[in-house]
**Q** 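Before I ask anything, here is the structure I am working with.
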There are 2 protein chains.
Amino acid sequence: MGRVAVDLVVPDVLEESCATRQALERLATKWRVLLIYSLLPGPQRPAGLRRRVPGITQKMLTETLRGMADDGLVARRVLKADPPQHVEYELTPLGRTLEQPLAAICGWARDYGSR
Amino acid sequence: MGRVAVDLVVPDVLEESCATRQALERLATKWRVLLIYSLLPGPQRPAGLRRRVPGITQKMLTETLRGMADDGLVARRVLKADPPQHVEYELTPLGRTLEQPLAAICGWARDYGSR
DNA sequence: CGGGATCCAAATTGATACTG
DNA sequence: CAGTATCAATTTGGATCCCG
C-alpha cells in the first residue's frame with residue numbers, strides 16, 4: 001500500500017485567484033481605505049469627501065468611488081436632479097463590515113505609525 | 001457677548017501630514033500587506049517570497065522589501081557573500097506588531113471577500 | 001455651481017535581459 | 001541566487017471642458 005507522493009502543491013492563501021488575495025487587493029489601494037474611513041460617520045457628498053481626504057483628485061475620487069460601488073462597498077444616491085446636482089455616497093452594509101478590521105489598522109497606525 | 005465664528009478647521013485624522021494617514025499609506029500598497037503576511041511564519045528568502053506572493057515581479061519584490069526595510073518593518077540579512085548570493089528577510093519587532101491588525105483584515109477578506 | 005468626464009503629462013508597474 | 005537596468009504598458013495627477 002504505497003504512499004503517493006502528492007507534495008500537496010500548497011495552494012497558498014495568496015494565490016492570485018484566491019478570495020482572500022482578491023479581497024485584499026480591493027482594499028490595498030491608495031485611496032479606498034481612506035475613503036471608507038471617511039464614510040464611516042455617515043453619508044458624505046463628494047465635496048465633503050475631498051476635504052476629508054486631502055490630496056485626492058476629483059478624478060480619483062470619482063473613479064475610486066465608482067469602483068467601490070461596483071464592488072458593493074458603497075452606494076451612490078442622487079439627492080437633487082436640479083441644476084445644482086447633489087449626490088451622496090454611503091457605505092453599504094457590506095462596506096460597514098469593514099469598520100472593525102479598519103479600526104484595528106487605524107489603531108496600529110496611531111500607535112506605531114510614528115515609528 | 002458675541003459668538004466668534006471659528007469654524008474649527010477640523011484637522012482631520014486624514015490630513016496628509018498626519019501620522020495615521022502616513023502609516024496607512026505605508027501599508028495600503030499592492031504588495032506590502034501580502035509580503036508582511038507572507039513573512040509572518042518566519043524569515044523568508046526572496047525566491048520563497050516570490051512563490052508565496054504569486055504575480056509579484058522581481059523588481060517589485062526588491063523595491064517593496066527595500067522600502068519596508070527603510071520603514072523599519074523588515075530586516076535584511078546576508079547569509080553567504082559568495083557568488084550564489086543568499087539573502088533572508090524577516091519582520092522586525094515593529095513589523096510583527098502588524099500581525100493582529102492584519103489578521104482582522106484577512107478575516108474580513110475570508111468572510112466577506114467572496115462578496 | 002456642483003459633479004463628472006476628457007486629454008495629456010508624470011509617475012508606477014510589468015517584462016525581460018544582464019551583472020556580481 | 002539576488003539584484004539592477006532598460007523599455008513598454010498601465011495608472012495617477014493636473015488642468016480643462018461639459019452637462020444639468
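Reminder, nothing fancy here: chain letters follow the sequence lines and each chain counts from 1. Side chains included, hydrogens not; waters and symmetry mates left out as well; all remaining heavy atoms used.
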**Q** For the pair made of CG in L61(B) and P in dG3(D), what is the distance, rounded to whole Å?
**A**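 In whole Å, dG3(D) P and L61(B) CG are 7 Å from each other.
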**Q** K59(A) or H86(A): which one's nearest nucleotide on DNA chain C is closer to the 5' end?
**A**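 Its nucleotide being nearer the 5' end, the pick is H86(A).
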**Q** From C-beta outward on R45(B), which listed nucleotide comes closest to its side chain: dA2(D), dT4(D), dG14(D)?
**A** dA2(D)
**Q** Could you give the CZ-to-P distance, from R50(A) to dC1(C), as a whole number of Å?
**A**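 It is 16 Å, rounded to the nearest whole Å.
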**Q** Between L79(A) (CG) and dG20(D) (P), how many Å, whole number?
**A** 19 Å
**Q** Which of the following nucleotides, dG3(D), dA15(C), dG3(C), is nearest to the side chain of V87(B)?
**A** dG3(D)
**Q** Could you pull out all residues at least two apart from R77(A) that satisfy salt bridge (Lys or Arg N to Asp or Glu O under 4.0 Å)?
**A**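 Salt bridge (Lys or Arg N to Asp or Glu O under 4.0 Å) check on R77(A) returns E88(A), E90(A).
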**Q** Please state whether the base of dG20(D) and the side chain of Q85(A) form at least one donor-acceptor pair under 3.5 Å?
**A**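 In this structure, the two groups form no donor-acceptor pair.
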**Q** Test your reading of the model: is there a side-chain donor-acceptor pair from T92(B) to the backbone of G95(B), 3.5 Å cut-off?
**A**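 Yes: the side chain of T92(B) pairs with the backbone of G95(B).
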**Q** Using a heavy-atom cut-off of 4.0 Å across all strands, would you classify T57(B) as base, sugar-phosphate, or nothing?
**A**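 It contacts base atoms.
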**Q** Roughly how many Å is it from CG in L49(B) to P in dG3(D), rounded to a whole number?
**A** 10 Å
**Q** Compare side-chain N and O positions of W31(B) against OP1 and OP2 of dG14(C) and report whether any pair is under 4.0 Å apart.
**A** yes
**Q** Hydrophobic clustering (ILVMFWY, side-chain heavy atoms < 4.5 Å, transitive) - are L79(B) and L49(B) grouped together?
**A** no
**Q** Can you check the E63(A) CD to dT10(D) C1' distance for me, whole Å?
**A**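 Whole-Å distance recorded here is 12 Å.
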**Q** Mapping M60(A) and L65(B) to their closest nucleotides on DNA chain D, which lands nearer the 5' end?
**A** L65(B)
**Q** Without decimals, in angstroms, what is the distance between E16(B) CD and dG13(D) P?
**A** 10 Å
**Q** Could you state the atom-to-atom distance from CZ of R66(A) to P of dA5(C) in whole Å?
**A** 6 Å
**Q** Within the pair R76(B) and dG3(D), is there a side-chain N or O less than 4.0 Å away from OP1 or OP2?
**A** yes
**Q** I'd like to know if the side chain of T64(A) reaches the main chain of L61(A), judged simply by a donor and an acceptor atom lying under 3.5 Å from each other, with no hydrogens or angles considered.
**A** no
**Q** Is R32(B) paired with D71(B) through a side-chain N to carboxylate O contact shorter than 4.0 Å?
**A** yes
**Q** Considering heavy-atom distances to DNA chain D, does I56(A) or Y89(B) have its closest nucleotide positioned more toward the 5' end?
**A**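 Its nearest nucleotide being more 5', the pick is Y89(B).
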**Q** Expressed in angstrom and rounded to an integer, what is the separation of Q58(B) atom CD from dT16(C) atom C1'?
**A**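 Distance check: Q58(B) CD to dT16(C) C1' gives 11 Å.
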